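As structure tokens, the structure follows; a few thoughts come after it.
Lettering follows sequence order; numbering is per chain, from 1. Note that the structure is a prediction, hence the values are computed from the model and not measured.
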Amino acid sequence: MFDIKFVRENPDAAREGLINKNEIDRVDELLSLDEKKRKLIFETDDLKSKKNQVSARVGQIKKTGGDASVIIGETKSLGDKIDANDKELREVEAKLEDILIRLPNVPHESVPVGKSAEDNVETKRWLPEGFSFDNEFEKLDHIQLGKKHDILDFERGAKISGSGFPLYKGKGATLERALINFMLDTHINQHGYSEIFPPFLVNKESMFGTGQLPKMQDDMYTIERDELYPIPTAEVPITNIYRDENLTEAQLPVKFVGFSACFRREAASYGKDTKGLLRVHQFNKVEMVKFVKPEDSYTELEKLVIDAEDILQALKVPYRLLMLCSGDLSFAAAKCYDIETWSPAENKWLESSSCSNFEAFQARRANIRFRREETKKLEFVHTLNGSGLATSRLMVTILETYQTPEGKIIVPEVLRKYTGFEVIG
RNA sequence: GGAGAGUUGGCAGAGUGGUUGAAUGCGGCGGUCUUGAAAACCGUUGAAGAUGUAAGUCUUCCCGGGGUUCGAAUCCCUGACUCUCCGCCA
């Protein structure tokens, strides 16, 4: 959420941020509502103060048995004015709030200005030893491989639930589980994260806190009867762990990692990448979440990306790093790196991770603060999160890059102690 | 699903419709004492907002929302959540 004080003090910076994020500039509207609001508060507080004084006198008069009827009339007329002012104030605040909660975060100064995904900047490319973009033999895609070895069954997944709900079978299911466990163990034991196993259904306050509500309503599944939402990412429950709480400075940074299934309606992308695992309604993801001091958040973002990269380097799969341009940033993010892994059969990069710094945007919505020792004051923390990583597209990359000319699939070395087998097929 | 109890400051826990932002204890912070620490003692200790250069002043907040009243943490209605017992159940 936008801080109205920031807008008040830096209207031009707020305006520029919105424009660079392809948003409508509503800064003037905000400023005039804000001014109106403050004027009303000033007047109403004064009236309330007067009324409180008179009421106190009523108490004193009644104690001594006097007649207070005259000044009781005074409090009534003050009360009427206060009610009218309060009503107007609530309306102005509602309008202001309605705009504020729908405004996206502003990009960090280091983010390249751009309109769409085409303006994203590739900042790094990592290829395993001996890798070549020219396939030495015709690569089967993950759907063909899944069928050949009976490890992925999209038809039956569709029968059970609908399209976009993949069914993993046999060694495919084991490989999926191995991948999840390998990623969790790495982050816990080597990168210093504490493990969380979160609820998969959350309430609307949690969805608001991380910024999914109100703007992303159409992308989420909803369980209306119970007012719950299946999570689109573990970011939601994990970030909301500290909603409405105050942390101590000594606690920071807090680093959590958790596995969850992720549920997405993908309402705006029907007909796009519908093949197999490329875009699904349910997938598995290991998510890293950090709560840090504001001055540390950008170095923590770089570390977060490295933590995700470590997984890919251990798996020995080709990937590249993109710095998203302003226009491609998600609603809540101030800066974001995407990690894309290579699909030799599709001959393209697949987004497997997204690592973002939200600065105080989510903390302000979710009211997550810490007390700074030096000043003794409460400040909003900065929150970050990154996929470490999503298994679905990573699985595509693994299956396709680890296939042999005979169509077998070699299990990446680091996963073997988790799978108990070295080859599929 | 049935029955009951509860929700107050960082935590525990009082609270008579009228100096209650809220007793008390613990914790935190500052100090005395001590070589240092502990103990003891003394003091201090919520948040948000408006206004002001500042000191300060004012407003709001005792789970949420409505109501009664000149005045509500306290009375009434309503919602949410938590806990206990019974039933059902992985």
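Only the C1' atoms considered, U78(B) is 26 Å distant from C70(B), to the nearest whole Å. Rounded to a whole angstrom, the distance from the C1' atom of G46(B) to that of G10(B) is 9 Å. The separation of U24(B) from G9(B), taken at their C1' atoms, amounts to 13 Å, rounded to a whole angstrom. Comparing U20(B) with A5(B), their P atoms sit 32 Å apart, to the nearest whole Å. For the P atoms, the distance linking A40(B) with G25(B) amounts to 13 Å, nearest Å. Spacing between U82(B) and U8(B) at atom C1', rounded to whole Å, works out to 15 Å. The separation of U68(B) from C76(B), taken at their C1' atoms, amounts to 7 Å, rounded to a whole angstrom. A distance of about 14 Å separates the P atoms of A23(B) and A14(B), rounded to the whole Å.
Taking atom CG of residue D86(A) and atom P of nucleotide C61(B), one finds them 10 Å apart after rounding to whole Å. Note: CG (L228(A)) to C1' (A80(B)) measures 13 Å, nearest angstrom. Distance, F370(A) CZ to G46(B) P: 20 Å, rounded to whole Å. Atom CD in E373(A) sits roughly 16 Å away from atom C1' in U45(B) (whole-Å rounding). Atom NZ of K377(A) is separated from atom C1' of G46(B) by 12 Å (rounded to the nearest Å). Taking atom CZ on R57(A) and atom C1' on U19(B), their separation rounds to 16 Å, with Å as the unit. Rounded to whole Å, atom P of G64(B) lies 15 Å from atom NZ of K204(A). The interatomic distance linking I82(A) (CD1) with A50(B) (C1') rounds to 15 Å, in whole Å.
The pair E155(A)-K147(A) meets the salt-bridge criterion, since a charged nitrogen lies less than 4.0 angstrom from a carboxylate oxygen. Taking the charged nitrogens against the carboxylate oxygens, K285(A) and E287(A) do have a contact shorter than 4.0 Å, which makes a salt bridge. Look at R372(A) and E295(A) and you find a salt bridge, because one of the NZ, NE, NH1 or NH2 atoms lies within 4.0 Å of a carboxylate O, short of that distance. A salt bridge links K215(A) to E23(A): one of the charged nitrogens lies within less than 4.0 Å of a carboxylate oxygen. With respect to D219(A) and R265(A), no salt bridge is recorded, no charged nitrogen being found less than 4.0 Å from a carboxylate O. A salt bridge is absent between D80(A) and K76(A): the closest approach of a Lys/Arg side-chain nitrogen to an acidic carboxylate oxygen does not fall below 4.0 angstrom.
Side-chain contact, E235(A) with T210(A): no donor N or O sits under 3.5 Å from an acceptor N or O. For the residue pair H382(A)/N357(A), the side-chain donor-acceptor check at 3.5 Å is not satisfied. Residues Y319(A) and E309(A) have side chains that bring a donor and an acceptor to within less than 3.5 angstrom of each other. Side chain to side chain, T397(A) and S343(A) fail the donor-acceptor criterion of an N or O pair below 3.5 Å.
Residue-level contact check: K39(A) touches neither bases nor backbone, having no heavy atom under 4.0 Å from any strand. Among the heavy atoms of the strands lying under 4.0 Å from K51(A) are primed sugar atoms or P, OP1, OP2 only; no base atom is included. No engagement by L78(A) is indicated, since no non-hydrogen atom pair under 4.0 Å with the nucleic acid exists. Contacts of S55(A) with the nucleic acid, taken as non-hydrogen atoms under 4.0 Å apart, include base atoms.
Neither OP1 nor OP2 of G49(B) sits under 4.0 Å from any side-chain N or O of R38(A). Distances shown here put a side-chain N or O of R8(A) below 4.0 Å from the OP1 or OP2 atom of A50(B). When the side-chain nitrogen and oxygen atoms of R369(A) are compared with OP1 and OP2 of A47(B), none of them lie within a distance under 4.0 Å.
Nucleotides of RNA chain B nearest to T75(A) and F42(A) differ in position, and the one nearer the 5' end is that of F42(A). Residues R371(A) and R90(A) each lie close to RNA chain B; by heavy-atom proximity, the contact nearer the 5' end of the strand is made by R371(A).
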Quick test: give all pairs of protein nitrogen or oxygen and nucleotides 55-59 of chain B nitrogen or oxygen below 3.5 Å, distance rounded to 0.1 Å.
unit_1: C58(B); atom_1: O3'; unit_2: S49(A); atom_2: OG; d: 3.3
unit_1: U59(B); atom_1: OP1; unit_2: N52(A); atom_2: ND2; d: 3.1
unit_1: U59(B); atom_1: O2'; unit_2: D45(A); atom_2: OD1; d: 3.0

Legend entry - 5'-to-3' dot-bracket of RNA chain B (Watson-Crick, G-U; under 3.5 angstrom; crossing pairs as [ ]; | other strand): ((((((((.[[[..)..(.....]]]((((((.......))))))((((((....)))))).[[[[[..)....]]]]])))))))....

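Between F361(A) and F331(A), a ring centre-to-centre spacing shorter than 6.0 Å is recorded.
Side-chain proximity of V58(A) to C70(B), U51(B), G49(B): nearest is C70(B).
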